[in-house]
Amino acid sequence: MNNDASNTTENNEAMTKATNDKLSTLNNIDALSEYLKAEAGERTGRAIPPLEKWDPKSVIDMDLVIKANGEWRHEGSKVTRESLVSLFASILWKEEDNGITEYFLKTPVQKIRIQVEDAPLLINDVGIVNEGNESWLEFTTTTGDVVRLDDEHLITLEAYHSKSSDSSTIDKVSTADSNENNQEVADDASIRPYMTVRNSLTALIGRNTFYHLTEIGELTEEHGDTILTLQSGGKSYQLSMPTN
C-alpha cells in the first residue's frame, strides 16, 4: 500500500516536472519548432490544428514580431526559414478583450504572446479558379493559406496607422454585394487592402497582388468615386477605391 502510494506520488511529481520543463523551453524558437513538429504527429501538409479546442493556462512572452511588411523577426533578426514561419503561422491565434487585440502562438500547453505591427498574414498571389460553371478568385498567403473571395472572406480597405500614430481611428470599406452602398475611406492615412482568412485572422494583400486584382476586376466611375467590381463564386463584390 505505502509503496504504491509512494510510487504514485513519484510518478505525479515526475510528470509535473516534465511538463514544467517543457513549458520553460517553449520560449526558445528552436525548441518550440521541435515541439510543434512532434505534436503534429501524422498530420501531412500544412494542416491547421484545432486551436479553438485548446485552452492552455500558461502564458509567456516571446521576442517575436510580425512586421508591417510581413517579415517575421525574432530578437531583432529576420526569420529566414520559410518552413519555420509557415509552421508558426499555422498556430497563430488572435484574442480581443475590451478593445485590446493580442496575438499568440497557441499550443496545447501554452500561449506564447507575440507582437504584430499590422496584419499577421500576407497575401502574395491571386488567381482565377474555374469549377463547373463558376469562377472563383483564390488568394494565397506567403505561409500557405488558400482562401476564396466569398461572403465570409471579404476584402476591406483600412486606413493604416503605424504604432507611432494614433491608431484609434481606422475607417473601413468592405467588399459587398453590388446592390449595397459603398462607404467613404479616410484619406488621412495609408490605405491598405486586407482580407479575412481564418480564426478572425486577417491578411494584408500585397501591393503587386492588389494591382493584379484591379486588372482582373472591372474599374468604373460612380459619382466621382472609382469602384472596383470583382466576380467570385457567381457573385459581384464592389470596393470603393481611395482617390488619393
Side-chain angles (χ1 to χ4, degrees), residues 45-53 66 70 89-97 99 101-103 106 116 118-160 169-186 190-223 225-243:
R46 189 180 168 280
I48 303 299
L51 303 180
E52 69 282 355
K53 296 181 180 179
I66 303 178
S90 70
I91 58 167
L92 272 171
W93 185 254
K94 175 182 176 182
E95 293 185 2
E96 295 187 8
D97 184 23
T101 301
E102 291 187 312
Y103 292 92
K106 190 177 183 183
V116 177
D118 188 10
L121 302 172
L122 176 64
I123 290 174
N124 67 340
D125 186 51
V126 61
I128 299 175
V129 175
N130 296 311
E131 287 187 356
N133 297 324
E134 292 185 348
S135 295
W136 296 86
L137 285 180
E138 190 170 87
F139 299 77
T140 305
T141 70
T142 56
T143 48
D145 289 284
V146 177
V147 62
R148 294 179 178 182
L149 176 61
D150 58 24
D151 292 344
E152 295 183 359
H153 304 90
L154 298 173
I155 299 172
T156 63
L157 292 179
E158 300 184 18
Y160 169 75
T169 303
I170 298 181
D171 297 315
K172 299 182 180 180
V173 173
S174 67
T175 47
D177 291 326
S178 57
N179 60 348
E180 295 185 3
N181 294 327
N182 290 285
Q183 305 171 32
E184 295 297 327
V185 180
S190 172
I191 304 299
R192 294 184 173 187
Y194 302 86
M195 189 173 191
T196 305
V197 178
R198 56 177 163 86
N199 294 333
S200 300
L201 298 175
T202 58
L204 172 67
I205 300 177
R207 181 175 300 177
N208 290 338
T209 303
F210 191 72
Y211 285 158
H212 187 202
L213 197 60
T214 61
E215 295 172 352
I216 293 175
E218 179 184 5
L219 291 171
T220 57
E221 295 291 331
E222 292 184 13
H223 308 295
D225 295 330
T226 300
I227 306 298
L228 173 62
T229 301
L230 302 170
Q231 305 292 335
S232 184
K235 289 189 175 183
S236 293
Y237 298 90
Q238 292 190 334
L239 197 65
S240 181
M241 304 287 287
T243 57

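Nearest heavy-atom pair across Leu157 and Ser240 is CD1-O, 3.3 Å. In terms of heavy atoms, Pro120 sits closest to Thr202 at CD-O, 3.2 Å. In terms of heavy atoms, Ser90 sits closest to Leu51 at O-CD1, 3.9 Å.
Scanning for salt bridge (Lys or Arg N to Asp or Glu O under 4.0 Å) contacts around Lys94 gives Glu96, with sequence neighbours left out. Applying the side chain to side chain contact (heavy atoms under 4.5 Å, CB included) rule to Leu122 yields the partners Thr142, Leu204; only residues at least two apart in sequence or on another chain are considered. Glu138 meets the salt bridge (Lys or Arg N to Asp or Glu O under 4.0 Å) test with Arg148; sequence neighbours excluded. Applying the side chain to side chain donor-acceptor pair (under 3.5 Å) test to Glu221 and every residue at least two apart in sequence or in another chain returns Thr226. With sequence neighbours left out, Arg207 forms a salt bridge (Lys or Arg N to Asp or Glu O under 4.0 Å) with no residue at all. Remark: Glu134 engages Trp136 in a side chain to side chain contact (heavy atoms under 4.5 Å, CB included) (not counting sequence neighbours). In this structure Tyr103 satisfies the side chain to side chain donor-acceptor pair (under 3.5 Å) test with no other residue, sequence neighbours excluded. Take Glu218 and apply the salt bridge (Lys or Arg N to Asp or Glu O under 4.0 Å) test, not counting sequence neighbours, and it matches no residue. Applying the side chain to side chain contact (heavy atoms under 4.5 Å, CB included) criterion to Asn130, with sequence neighbours excluded, gives Ile128, Ser135.
To the nearest 0.5 angstrom, Leu239 atom CG is 7.0 Å from Leu230 atom CG. Rounding to the nearest 0.5 Å gives a distance of 4.5 Å between CD1 of Ile123 and CD1 of Ile205. From Met195, atom CE reaches atom CG of Asp145 across 11.0 Å, with rounding to the nearest 0.5 Å. In this structure, CZ on Arg192 lies 5.0 Å from OG on Ser190, to the nearest 0.5 angstrom. Distance check, rounded to the nearest 0.5 Å: CZ of Arg198 to CG of Leu92 gives 6.0 Å.
Judged by distance alone, the side chain of Thr209 and the main-chain N or O of Asn124 form a donor-acceptor pair under 3.5 Å. Proximity of a side-chain donor or acceptor of Thr140 to a complementary backbone N or O of Asp125 within less than 3.5 Å is not detected.
Between the side chains of Asp150 and Tyr237, no donor-acceptor pair is found at a separation under 3.5 Å.
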- Message: Let's go through Glu102 and Trp93 carefully: what are the C-alpha distance in whole Å and the side-chain angles of both, what is the deciding distance for side-chain contact (heavy atoms from CB on, under 4.5 Å) to 0.1 Å, and is it a yes or a no?
- Response: CA-CA 8 Å; Glu102 291 187 312; Trp93 185 254; over 6 Å; no

- Query: For Val126 and Leu149, what are the C-alpha separation, side-chain angles and deciding distance, and is it a side-chain contact (heavy atoms from CB on, under 4.5 Å)?
  - Reply: CA-CA 10 Å; Val126 61; Leu149 176 61; over 6 Å; no

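The side-chain contact (heavy atoms from CB on, under 4.5 Å) with Tyr194 is formed by just one residue from the set Ile155, Asp118, Leu121; it is Asp118.
Within the 4.5 Å cutoff, the side chain of Pro193 has no heavy atoms near those of the Thr156 side chain.
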